[in-house]
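I have placed the structure first, in the form of structure tokens, so that the comments after it can refer back to it.
Along the sequence shown, the residues carry numbers beginning at 1.
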Amino acid sequence: MSTPYPFTAIVGMADLRLALLLNAVSPAVGGVLVRGEKGTAKSTAVRALSALLPPVEVVPGCRFGCDPAAADPACPDGPHGPDAGRESRPARMVELPVGASEDRLVGALDIERALTEGVKAFEPGLLADAHRGVLYVDEVNLLHDHLVDLLLDAAAMGASYVEREGVSVRHAARFLLVGTMNPEEGELRPQLLDRFGLTVEVAASRETEERVQVVRRRLAYDADPAGFAAAWRGEERELRERIAAARALLPSVSLGDGALRQIAATCAAFEVDGMRADIVMARTATALAAWDGRTDVTDADVRRAALLALPHRRRRNPFDAPGLDEDKLDETLERNRGEDDDPDPDGGPDGGGPDGGGRPPQGDDGAPDPVPDIAPPREPADSGPQPEPAQAPQGGVGERAAVPAAEPFKARALTVPGLGEGAAGRRSRARTAHGRTTGARRPQGALSKLHLAATVHAAAPHQRARGRGGPGLVIRRDDLREAVREGREGNLVLFVVDASGSMAARQRMSAVKGAVLSLLLDAYQRRDKVGLITFRGATAELALPPTSSVEAGAARLDRLPTGGRTPLAAGLLKAHDVLRVERLRDASRRPLLVVVTDGRATGGAEPVRTAGRAARLLAAEGTASVVVDCESGPVRLGLAGELARELHGTAVTLDELRADSVAALVRDVRRAA
């Protein structure tokens, strides 16, 4: 087993360290979601935490980690009597891989043995392994939605339920849930964000000396992991003892009426949905007091709890940036300060900041810090990566500055025809593991989704030959049938946007951007990947390679300048190249091409003929496409409609994209079917 990097040796990232430690003190806080750019030691910090957790007492031989002092009466390996014995083992940290199946997460129930042998055989999953430990999900935003739902339901209920065709197994599953994600790769749904107790934004330090310290310590660890860990053993022991002391003190912490009023007023002022934020803030403030060795919750505890518990709960759509207005927060806390609150803004008893004991590290020579610097500085909560500044136009002939987008609207659904087999989503029809049952087939591998009626139908003709004598059926392996199900898949929606001079009228381009933003929002809700190609002047540009982050698409669109000729053929050929590469990367994810243009082609040699050839090339490969006709005015040439016919796709106007439009968009892309 490799030696983990010491938690106390981590440089900076005070918010992250504090959030993890508070959950170690009080797992009821509800876990941590860590958002940040790649290479910021998110995983290192999480893995280091597990070594600080106290060991757990378990029943020997129990695969579900039952506590001998309070064994789960429904444990599949139970019941455990008072003489079951006990043994001590370290708290586990279990990692859930992105590609894990449902059975790997919750456990596998052998339906075949249950039906043919009458044996309830259950193989525990990762939720059972993580019981009373840490469950770590790297890239949680890339997990399939139904897995995230199962994971968060188990975290909320403290139990996992596995049901297969009337056979049910339940076991305890209480764990510290930690998820990490890179927002550039896509966001979690708001309702899933809300299920994480706390969230922190992490980013690489811009301070030279701190970066030097990070590199020096990492090099020392890589050269001699055991020796590096030994140098920090004393600090790790102190921190472990502090966690245990805070856990013991936690039941004695008093959350006064004044602090509760501040919590409720803060959640109301920031218009968070539901009551989970209030509960999480209360638990976090209580854990902060225990962490500082106090039995009373102060204003500073409530303020810190708000900065950790509220930013991710304020998002209304994927284009909203996380974070809190700290001036508004301070005003709300001051206005609702109760008489039972401690007015000391620095909190802790020894004057060491709100943490009550955090001291700065000793230089950058790699020597151990005497006490881990856990207290985060007083700075805006949203200290993570900031949006790139808008770039000024490059001064091309006829180029105009970017214009703001019109208000997004709810878009009509555009779908890919046929039946796919791609990643689970909400756009086009597909064969999926979840959805309505459309048929049955012989099992391909282990049976997981039994089709009961088809199984009975297959077994019925053989009952006399098998000597059936009682009320039950005699079932053999060859009788078993699994369900074939149909649901929805996510697609690759590739936008090809005309940014030429013919589109450059301010009002017109604003409407176009608003329409594309609406389609981006629709793609986010339907779990699609998105890409963005723009064309103007003489060339086409891949402004956004295919990604799950619609935020990135919105940012690129916002900065889009316009002007110049219309190289329509270049835009279509660029789309062809991008789709060819994406088919090699993920052949099961079907594309939907959305071309936003007025249909004019004026750039390059023989622009109209070349654009027609490019369109027919895409059509020949079966690419489903929609042309959003941006032509306006009393005289219309109908060029976008001609382009749609060349693509074997559908042309719609900007007005027809609206969900409340009376114009029919029933055709979608079915002509290509």
Side-chain angles (χ1 to χ4, degrees), residues 35-37 141-142 181-190 192-193 201 311-312 314-323 382 384-393 400-414 425-427 490-499 503 506-536 540-562 571 575 578 592-597 626 628 630 654 657-659:
R35 296 164 44 92
E37 58 196 15
N141 52 322
L142 302 184
M181 59 175 284
N182 182 351
E184 294 178 354
E185 297 173 341
E187 285 288 351
L188 281 174
R189 305 197 312 266
L192 299 184
L193 282 172
E201 298 274 344
H312 62 301
R314 295 190 59 248
R315 305 189 67 185
R316 294 294 184 269
N317 64 62
F319 307 139
D320 292 339
D382 184 19
Q386 301 298 314
E388 299 175 23
Q391 297 178 354
R400 307 186 188 187
V403 298
E407 189 69 20
F409 51 82
K410 182 174 178 56
R412 298 286 295 266
L414 304 174
R426 298 181 179 180
R427 183 172 296 279
N491 298 109
L492 166 60
V493 182
L494 182 60
F495 294 95
V496 181
V497 179
D498 185 346
M503 302 281 290
R506 185 175 185 85
Q507 184 175 0
R508 187 178 185 185
M509 198 62 203
S510 177
V512 167
K513 286 187 175 183
V516 177
L517 276 179
S518 302
L519 292 170
L520 281 170
L521 181 58
D522 181 70
Y524 164 77
Q525 294 168 339
R526 298 180 186 279
R527 305 292 170 263
D528 296 315
K529 291 180 70 174
V530 296
L532 176 63
I533 292 171
T534 64
F535 58 94
R536 64 188 179 93
E541 174 189 4
L542 179 59
L544 178 70
T547 175
S548 296
S549 175
V550 298
E551 290 177 303
R556 300 297 194 279
L557 187 70
D558 184 59
R559 299 193 298 269
L560 178 65
T562 60
V578 170
L592 174 62
L593 182 67
V594 179
V595 185
V596 185
T597 182
V626 174
V628 180
C630 301
L654 289 173
L657 283 177
R658 294 180 179 272

What's the separation between atom CG in Leu557 and atom CG in Leu520, rounded to the nearest 0.5 Å? 6.5 Å

Nearest 0.5 Å, please: how far is CG in Leu532 from OG1 in Thr547? 12.0 Å

Can you name the side-chain contact (heavy atoms from CB on, under 4.5 Å) partners of Ala515, sequence neighbours left out? Phe409, Leu654, Leu657

Measure across Ala543 and Arg556 and return the closest heavy-atom pair with its distance rounded to 0.1 Å. O-NE, 3.2 Å

Can you tell me how far apart CD (Glu541) and OG1 (Thr534) are? Round to the nearest 0.5 Å. 5.0 Å

Applying salt bridge (Lys or Arg N to Asp or Glu O under 4.0 Å), name anything that partners Asp522, two or more places apart in sequence or on another chain. Arg427, Arg526

Heavy-atom pair with the smallest gap, counting every atom of Gly531 and Leu492: N-CD1, 4.4 Å

CE of Met509 to CG of Leu560: how many Å apart, nearest 0.5 Å? 4.5 Å

For the student: nearest non-hydrogen atoms of Ser518 and Pro408, plus distance: OG-CA, 3.3 Å

According to side chain to side chain donor-acceptor pair (under 3.5 Å), who are the partners of Thr597, at least two apart in sequence or on a separate chain? Asp498

Ala405: side-chain contact (heavy atoms from CB on, under 4.5 Å) partners, not counting sequence neighbours: Lys513, Leu517

Taking only residues two or more places apart in sequence or in another chain, which ones pass side chain to side chain donor-acceptor pair (under 3.5 Å) with Asn491? Ser428, Glu489

Might you work through the side-chain contact (heavy atoms from CB on, under 4.5 Å) test for Leu519 and Leu414, ending with a clear yes or no? CA-CA 9 Å; Leu519 292 170; Leu414 304 174; 4.2 Å; yes

Closest non-hydrogen atom pair between Ala575 and Leu593, with its separation: CB-CD1, 3.9 Å

In terms of heavy-atom contacts, Arg412 and Arg658 come closest through CG-O, 3.0 Å

Might you point out which heavy atoms bring Cys630 and Val512 nearest each other, and give the distance in Å? SG-CG2, 3.6 Å

